[in-house]
Amino acid sequence: EQILASHSQVYGAGELEILSQIVEPTISPRIQSGTAAPLTQDEALSIRRGYLDALRVLDATEPMITDKMPLNFRWLGFFLTAFPEARVIHLNRNPVAVCWSIYKRYFQARGNAYGNNLSDLAAYYRCYREIMEFWREQFPGRIHDVDYEELTENQESGTRQLLAFCNLEWEDQCLRFMKPIGLFALQARSR
């Protein structure tokens with residue numbers, strides 16, 4: 001997200017809880033009844049409107065907004081149906097590194113309890129990988145996989161691929177994403 005947010009056309013919104021709050025109520029009745037029907041056009045439009053309405057509070061002027069909530073992988077198909085123009089960046093990292101970073105942090109939230117038990121964490125990670133594979137099959141060309149280790153070793157090449165996937169022109173500041181942008185700019189972006 002920091003690489004993309006350093007681009008003049010992208011607003012880095014951080015981890016937003018919007019998608020879960022909008023999609024879950026729409027599909028919960030289906031899950032409970034065992035129905036696997038695709039979204040109706042009205043449901044997709046409702047998800048789209050709800051998400052866009054929630055983004056308005058960000059007061060972003062950039063035409064693109066990122067949402068890096070890790071648990072959004074569960075809802076990608078619903079999001080991509082509601083937003084046919086959207087692009088998804090999927091950052092792949094060594095599974096041991098991912099699971100260790102989750103396990104070493106204690107999550108108090110009930111929904112993240114899987115991270116406090118190694119067996120549960122391994123099962124959850126496998127489930128996540130299967131779900132991502134499913135979404136890739138359902139939405140070919142809409143999900144761009146980025147290898148974290150490769151990106152850190154060859155940032156310019158990876159950044160160029162990332163920007164191209166997002167239909168963004170090259171901007172040199174995308175290579176300097178880690179430099180502070182100044183307190184005033186930070187405060188202005190956090191509103």
Side-chain angles (χ1 to χ4, degrees), residues 1-5 7-93 98 102 107 109-115 123-148 161-169 189-191:
E1 183 191 48
Q2 289 176 322
I3 292 171
L4 285 173
H7 195 283
S8 65
Q9 300 298 302
V10 181
Y11 179 84
E15 296 180 3
L16 303 176
E17 296 186 17
I18 301 169
L19 194 55
S20 179
Q21 294 169 353
I22 293 171
V23 173
E24 202 165 344
T26 302
I27 66 161
S28 286
R30 292 169 190 227
I31 294 170
Q32 292 170 358
S33 69
T35 306
L39 285 179
T40 66
Q41 191 171 11
D42 286 343
E43 289 170 327
L45 188 57
S46 176
I47 289 170
R48 184 180 181 89
R49 284 183 183 147
Y51 195 85
L52 290 173
D53 286 347
L55 290 180
R56 287 191 204 341
V57 302
L58 298 176
D59 201 30
T61 57
E62 297 85 351
M64 287 189 172
I65 298 176
T66 63
D67 176 353
K68 68 172 189 168
M69 176 58 79
L71 295 177
N72 279 349
F73 78 90
R74 302 171 300 171
W75 317 118
L76 285 184
F78 305 101
F79 181 76
L80 290 171
T81 299
F83 290 89
E85 73 280 13
R87 302 275 192 242
V88 173
I89 310 300
H90 179 232
L91 187 66
N92 290 294
R93 193 172 178 194
V98 170
I102 294 170
F107 290 100
R110 187 175 50 99
N112 293 323
Y114 67 88
Y124 194 88
Y125 187 83
R126 281 191 301 276
C127 180
Y128 143 74
R129 297 301 297 186
E130 290 171 8
I131 290 172
M132 284 306 301
E133 186 56 37
F134 175 77
W135 293 137
R136 264 189 226 90
E137 291 171 5
Q138 299 301 308
F139 297 92
R142 304 270 310 276
I143 299 171
H144 179 64
D145 288 293
V146 175
D147 181 275
Y148 174 81
Q161 292 172 22
L162 183 62
L163 295 178
F165 178 74
C166 295
N167 296 318
L168 292 167
E169 296 292 325
R189 293 189 108 183
S190 65
R191 292 183 188 170

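Just so it is clear, the values below take in all heavy atoms, side chains as well, and ignore hydrogens, waters and symmetry mates.
Put simply, the side chain of Arg142 gets close to the backbone of Leu80: a donor and an acceptor are under 3.5 Å apart. Thr81 places a side-chain N or O within donor-acceptor distance of the main-chain N or O of Gly77, the cut-off being under 3.5 Å.
Of all non-hydrogen atoms in Leu58 and Ala13, the two that sit nearest each other are CD1-CB, 3.8 Å. Nearest heavy-atom pair, Asn167 versus Arg87, reported as atom, atom and distance to 0.1 Å: ND2-NH2, 3.3 Å. The nearest pair of heavy atoms linking Ala60 to Tyr11 is CB-CG, 3.5 Å. Of all heavy-atom pairs spanning Leu4 and Cys166, the tightest one is CD2-SG, 4.2 Å. Considering every non-hydrogen atom in both Pro63 and Gln9, the closest pair reads CG-OE1, 3.1 Å.
In this structure, Tyr51 has its ring center under 6.0 Å from that of Phe83.
The residues Asp147 and Arg93 are annotated as not salt-bridged, no charged nitrogen and carboxylate oxygen being separated by less than 4.0 angstrom. Arg48 has a carboxylate O that lies under 4.0 Å from a charged side-chain N of Glu85, or vice versa, which qualifies the two as a salt bridge.
With hydrogens and angles left out, the side-chain atoms of Glu1 and Thr66 include a donor and acceptor closer than 3.5 Å.
Separation of atoms CZ (Arg74) and CD1 (Ile27) is listed at 9.0 Å; rounding is to 0.5 Å.
Ring planes of His144 and Phe165: parallel class, angle under 30° (limits at 30 and 60°).
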